[in-house]
Amino acid sequence: KIIDYPCNILYPASFYKDATTVTLPGTQYQTKEGNIDTNTLPMATYATGEGKMPKLHHLTGILHLQLRAESTTRNNKIRLIEFWGASNEQVSGDFAIDYTTASLTPASNKKSARKVSVVLTSELSVDKVTNVFIVVPAQEYKSGFTVRVVNEVGHYLDVTKKSALSIADGTILKMPEFSYIPTGTLIGVEIPNGQ
């Protein structure tokens, strides 16, 4: 006998912290344009062993961004995209997990857990859309959210959704296309290396 039922199942095991806690990474990596970091897609279920194959359920949703360069005269080499909820929703770090409902409950008060970053190497084009995917906890973002697009020298554009929005588990929410027109500069920005 390999498994003792009933049991909790979490895949992949790298998200496991303890019997009631999972940890979502604060940094994701997009190694190729349009790829989703598979190390950020946790699934879970509660298995009773009553003759049925357990069915895993996603714990996160995916925000699909479509970016385009507005001009060829500026630096369009994007290195970092950050996401945070306008009501300070937790989006990374430790979450309590309920295996029977395959759901997460925020369990961290750390400021760093309110943001998730995608490290990438993408040169935006005027002629072609660049697709970026950000994996975030399935939940309602009560006052919307902000996405910050940062180029290699720290110039950034903040794009904000100001109304409530739910991101459901196992779904991809495609946002309208937007152009990268930097409005600010981060001084001393440190962008992590890709994997």
Side-chain angles (χ1 to χ4, degrees), residues 3-30 35-49 54-65 80-120 132-150 158-173 175 186 189-195:
I3 299 175
D4 288 325
Y5 289 102
C7 67
N8 298 326
I9 299 173
L10 177 67
Y11 177 83
S14 58
F15 293 98
Y16 182 88
K17 181 173 183 180
D18 60 41
T20 59
T21 311
V22 297
T23 303
L24 300 183
T27 303
Q28 302 170 17
Y29 297 90
Q30 181 174 294
N35 277 10
I36 297 172
D37 185 347
T38 55
N39 294 316
T40 60
L41 295 170
M43 294 184 286
T45 194
Y46 175 74
T48 61
K55 181 180 178 186
L56 291 166
H57 303 277
H58 287 278
L59 301 172
T60 55
I62 299 169
L63 186 67
H64 176 188
L65 304 178
L80 184 72
I81 296 182
E82 298 175 316
F83 171 95
W84 63 87
S87 293
N88 291 318
E89 289 90 352
Q90 183 184 338
V91 292
S92 63
D94 292 346
F95 287 81
I97 182 168
D98 182 337
Y99 287 93
T100 58
T101 60
S103 60
L104 300 176
T105 303
S108 174
N109 293 321
K110 292 181 180 177
K111 188 176 179 182
S112 60
R114 297 182 199 147
K115 181 169 44 173
V116 66
S117 302
V118 177
V119 178
L120 66 162
V132 177
F133 297 93
I134 305 173
V135 178
V136 295
Q139 63 184 341
E140 180 183 11
Y141 295 88
K142 297 174 188 160
S143 303
F145 59 83
T146 296
V147 171
R148 174 170 285 172
V149 181
V150 186
D158 285 350
V159 179
T160 302
K161 167 98 173 127
K162 293 185 177 180
S163 56
L165 181 72
S166 290
I167 299 179
D169 57 308
T171 64
I172 298 175
L173 181 62
M175 301 305 292
L186 298 173
V189 64
E190 187 172 330
I191 297 172
N193 293 327
Q195 277 183 314

To the nearest 0.5 Å, atom CG of Leu173 lies from atom CD1 of Ile167 at 5.5 Å
**Asked** Under 6.0 Å between ring centres, would you say that holds for Tyr46 and Tyr5?
**Response** no
| task | Taking the side chain as every heavy atom from C-beta outward, state whether Leu59 and Ser103 have any pair of such atoms under 4.5 Å apart. | result | no
Kindly assign one of parallel, tilted or perpendicular to the pair Phe83 and Tyr141, based on the angle between their ring planes and the thresholds 30° and 60°. perpendicular
Taken to the nearest 0.5 Å, the spacing of Ile134 CD1 from Phe145 CZ works out to 8.0 Å
Within the distance-only criterion (no hydrogens, no angle test), does the side chain of Asp37 pair as donor or acceptor with the backbone N or O of Tyr29 below 3.5 angstrom? yes
So does Gln90 get a backbone contact from the side chain of Gln139, meaning a donor-acceptor N/O pair under 3.5 Å? yes
Next on the checklist: Donor-acceptor pair, distance only, cut-off 3.5 Å: does the side chain of Gln28 make one with the backbone of Gln30?
Outcome noted: no
Between Ser108 and Asp94, is there a side-chain donor-acceptor contact under 3.5 Å, judged purely by atom types and distance?
no
Residues passing the side-chain hydrogen bond (donor to acceptor under 3.5 Å, both in side chains) test with Thr21, sequence neighbours excluded, are Asp18
In this structure, CG of Leu65 is separated from CE of Met175 (nearest 0.5 Å) by 7.5 Å
Distance col, row Tyr16:OH vs Asn8:CG, nearest 0.5 angstrom, shows 9.0 Å
- request: State, with a plain yes or no, whether a side-chain heavy atom of Pro137 is found less than 4.5 Å away from one of Leu24.
  value: yes
When rounded to the nearest 0.5 Å, the distance separating CZ of Phe133 from CD1 of Ile81 is 11.5 Å
Those residues at least two apart in sequence (or on a different chain) that pass salt bridge (Lys or Arg N to Asp or Glu O under 4.0 Å) with Glu89 are none
Side chain to side chain contact (heavy atoms under 4.5 Å, CB included) filter on Asp158, not counting sequence neighbours, yields Trp84, Thr146, Arg148, Tyr156
Taken in chain and number order and not counting sequence neighbours, the residues that satisfy side chain to side chain contact (heavy atoms under 4.5 Å, CB included) with Ser14 are Pro12
The test is side-chain contact (heavy atoms from CB on, under 4.5 Å); show your working for Thr105 and Asp98 and say whether it passes.
CA-CA 8 Å; Thr105 303; Asp98 182 337; over 6 Å; no
Across all chains, not counting sequence neighbours, the salt bridge (Lys or Arg N to Asp or Glu O under 4.0 Å) partners of Lys142 are none
To the nearest 0.5 Å, atom CG of Leu80 lies from atom CG of Leu120 at 7.5 Å
Judged by atom type as modelled, is there a donor-acceptor pair below 3.5 Å linking the side chain of Thr23 to the main-chain atoms of Lys17? no
- Message: Is there a side-chain contact (heavy atoms from CB on, under 4.5 Å) between Ile62 and Thr171? Walk through the geometry before answering.
- Response: CA-CA 6 Å; Ile62 299 169; Thr171 64; over 6 Å; no
Which of Val132, Ile172, Ile36 passes side-chain contact (heavy atoms from CB on, under 4.5 Å) with His64? Answer is Ile172
Nearest heavy-atom contact between Ser92 and Pro25 is CB-O, 3.6 Å
Could you tell me whether the side chain of Tyr99 and the main chain of Ala102 form a donor-acceptor pair under 3.5 Å?
no
query = Between Val22 and Leu104, does a side-chain contact (heavy atoms from CB on, under 4.5 Å) hold up when you go through it step by step?
reply = CA-CA 9 Å; Val22 297; Leu104 300 176; 3.5 Å; yes
Correct closest heavy-atom pair for Ala138 and Ala168 would be CB-C, 3.8 Å
The salt bridge (Lys or Arg N to Asp or Glu O under 4.0 Å) partners of Lys161 (sequence neighbours excluded) come to none
Start with the C-alpha distance between Met43 and Leu41, add both sets of side-chain angles, then the distance that settles side-chain contact (heavy atoms from CB on, under 4.5 Å), and finish with yes or no. CA-CA 7 Å; Met43 294 184 286; Leu41 295 170; 5.9 Å; no
Donor-acceptor pair, side chain of Ser143 and main chain of Ser87, under 3.5 angstrom | no
